[in-house]
Amino acid sequence: MSNTLNQLKREEGFTLIELMIVMVVLGILAGIVIFAVDPFETAATNAKAGADADICATAAAAAKAGGGTANDYVEGSPC
């Protein structure tokens, strides 16, 4: 009976090796996610640059038609 109690007590919890394996697996998964998200970040940056260029072109056209500068037509101007 005491052997069963001792055996149960020894089997509780996680060993250091098990915890280290989990940490390594989580690190690998985090690395995969970072590399998977990077192309989307680059695409978003390029889309923002294109949108800013369109805004500047529209503001320049408005400035040409109505006088002033492109910055007068865009608040917080990226131009």
Task: Distance in Å, Glu41 CD paired with Asn46 CG, rounded so as to fall on 0.5 Å steps - done: 11.0 Å

Open item on the list: On a heavy-atom basis, which atom in Phe35 and which in Pro39 lie closest, and how many Å separate them?
Closed with: O-CD, 3.3 Å

Open item on the list: Would Leu29 and Val33 count as a side-chain contact (heavy atoms from CB on, under 4.5 Å) here? Give the steps.
Closed with: CA-CA 6 Å; Leu29 290 175; Val33 167; 5.6 Å; no

- [ ] Quick one: name the residues clustered hydrophobically with Ile34, using the 4.5 Å side-chain heavy-atom rule over I, L, V, M, F, W, Y, and just say none if it's on its own.
- [x] none

Task: Shared hydrophobic cluster for Phe14 and Val25 (ILVMFWY, side-chain gaps under 4.5 Å) - done: no

Open item on the list: Within a 6.0 Å radius of atom CD on Glu18, are there more than 12 heavy atoms belonging to other residues, nucleotides or ligands?
Closed with: yes

- [ ] Might you confirm whether atom CG of Leu26 has over 12 heavy atoms from other residues, nucleotides or ligands at distances under 6.0 Å?
- [x] yes

